[in-house]
Amino acid sequence: EPEVTQTPSHQVTQMGQEVILRCVPISNHLYFYWYRQILGQKVEFLVSFYNNEISEKSEIFDDQFSVERPDGSNFTLKIRSTKLEDSAMYFCASNRDSGYNEQFFGPGTRLTVL
Amino acid sequence: GQNIDQPTEMTATEGAIVQINCTYQTSGFNGLFWYQQHAGEAPTFLSYNVLDGLEEKGRFSSFLSRSKGYSYLLLKELQMKDSASYLCAVREGAGANNLFFGTGTRLTVIP
């Protein structure tokens, strides 16, 4: 069964450093998303991406964040100048089209900022 | 904006039935979703409602009342593996696909 994959599973970085989280959505999916979940808190929407551009973003997704689809399979989230409060689980998700309701989540990348 | 409310924790007995409630306030409602999340894992899709009524899917059913801003997830014949967090999420706006999640209900199934 196709699945969303994410790498790395765990990333540790120093405050102020840049990190890139990588995702490979399901191959025939067209809509891609990043969510984050701070430990013990709710899943929060960051950004959605369609047709090689951002379609929506939340207030959390400020200039520190960027997304890219550098090739036909990868979807990345870059966090510049990481802060302690960026420590969280970051989930990538995808779905096939706007009329298809189930979003498939990847296993997540646990980001720890020291 | 969104305001999604669900109980923090629930406990139920193996083999029993449990109902997890969710209330929401949102503009431009475009669907309500239930996800299951085991500790340290990704959310997995359980159900979707956009019209009023009950959707049944095996041991899981989900109900929606749009006028009341209310949904519930019903789990029957509880199994130990059903111990997990259950996340209520709403989608807003025509064409929008991003989900806004509640804080989740941690369900513990006991023997």
Side-chain angles (χ1 to χ4, degrees), chain A residues 1-7 9-10 21 23-26 29-51 54-61 67 88-110 112, chain B residues 1-9 20 22-51 55 57-58 60 62 64 71 84-106:
Chain A
E1 185 175 335
E3 57 185 19
V4 177
T5 60
Q6 291 185 243
T7 54
S9 57
H10 192 185
L21 310 183
C23 168
V24 179
I26 295 173
H29 285 191
L30 302 177
Y31 291 80
F32 315 122
Y33 312 85
W34 284 102
Y35 294 85
R36 79 172 185 191
Q37 187 175 33
I38 296 170
L39 187 62
Q41 298 186 24
K42 65 181 179 182
V43 176
E44 299 175 291
F45 167 73
L46 294 178
V47 65
S48 58
F49 192 87
Y50 169 71
N51 199 25
I54 291 173
S55 41
E56 293 189 60
K57 59 184 181 180
S58 72
E59 292 175 353
I60 302 168
F61 194 88
V67 290
M89 183 74 92
Y90 288 81
F91 293 108
C92 173
S94 69
N95 65 344
R96 198 168 63 196
D97 57 47
S98 62
Y100 194 72
N101 299 303
E102 179 177 352
Q103 286 188 21
F104 294 82
F105 281 73
T109 292
R110 181 170 299 283
T112 301
Chain B
Q2 318 81 30
N3 188 13
I4 302 164
D5 199 27
Q6 47 182 136
T8 304
E9 294 189 10
I20 302 174
C22 171
T23 57
Y24 64 89
Q25 293 175 319
T26 185
S27 54
F29 175 83
N30 188 22
L32 187 136
F33 298 76
W34 284 96
Y35 277 79
Q36 181 191 60
Q37 187 180 29
H38 285 98
E41 298 184 11
T44 54
F45 172 80
L46 291 178
S47 70
Y48 163 72
N49 296 71
V50 68
L51 300 176
E55 294 285 339
K57 203 173 179 183
F60 296 81
S62 57
L64 175 67
S71 174
S85 288
Y86 290 86
L87 314 182
C88 175
V90 297
R91 183 173 63 188
E92 285 190 341
N97 285 290
N98 37 293
L99 302 177
F100 296 93
F101 286 85
T103 53
T105 298
R106 185 179 304 169

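A note on names: the letters A, B, ... follow the listed sequences, proteins ahead of strands, and every chain is numbered from 1.
In this structure, chain B has no heavy atom under 4.5 Å from any part of A/S55. Only the side chain of B/L87 comes within contact range of chain A, with heavy atoms under 4.5 Å apart.
Contact detail for B/Q37 and A/F91: the closest heavy-atom pair is NE2-CZ, 3.7 Å. For the pair A/E102 and B/Y35, the tightest heavy-atom approach, listed with the atom from each and the gap, is C-OH, 4.4 Å.
Each of A/F45, A/Y35, A/Y33 was compared with B/L99 under the side-chain contact (heavy atoms from CB on, under 4.5 Å) criterion, and only A/Y35 meets it.
By number of non-hydrogen pairs under 4.5 angstrom with chain A, the leading residue of B/A42, B/G104, B/G40 is B/A42.
Separation of atoms CD (A/Q103) and CZ (B/F33) is listed at 7.0 Å; rounding is to 0.5 Å. Distance check: A/E44 CD to B/N98 CG gives 13.0 Å after rounding to the nearest 0.5 Å.
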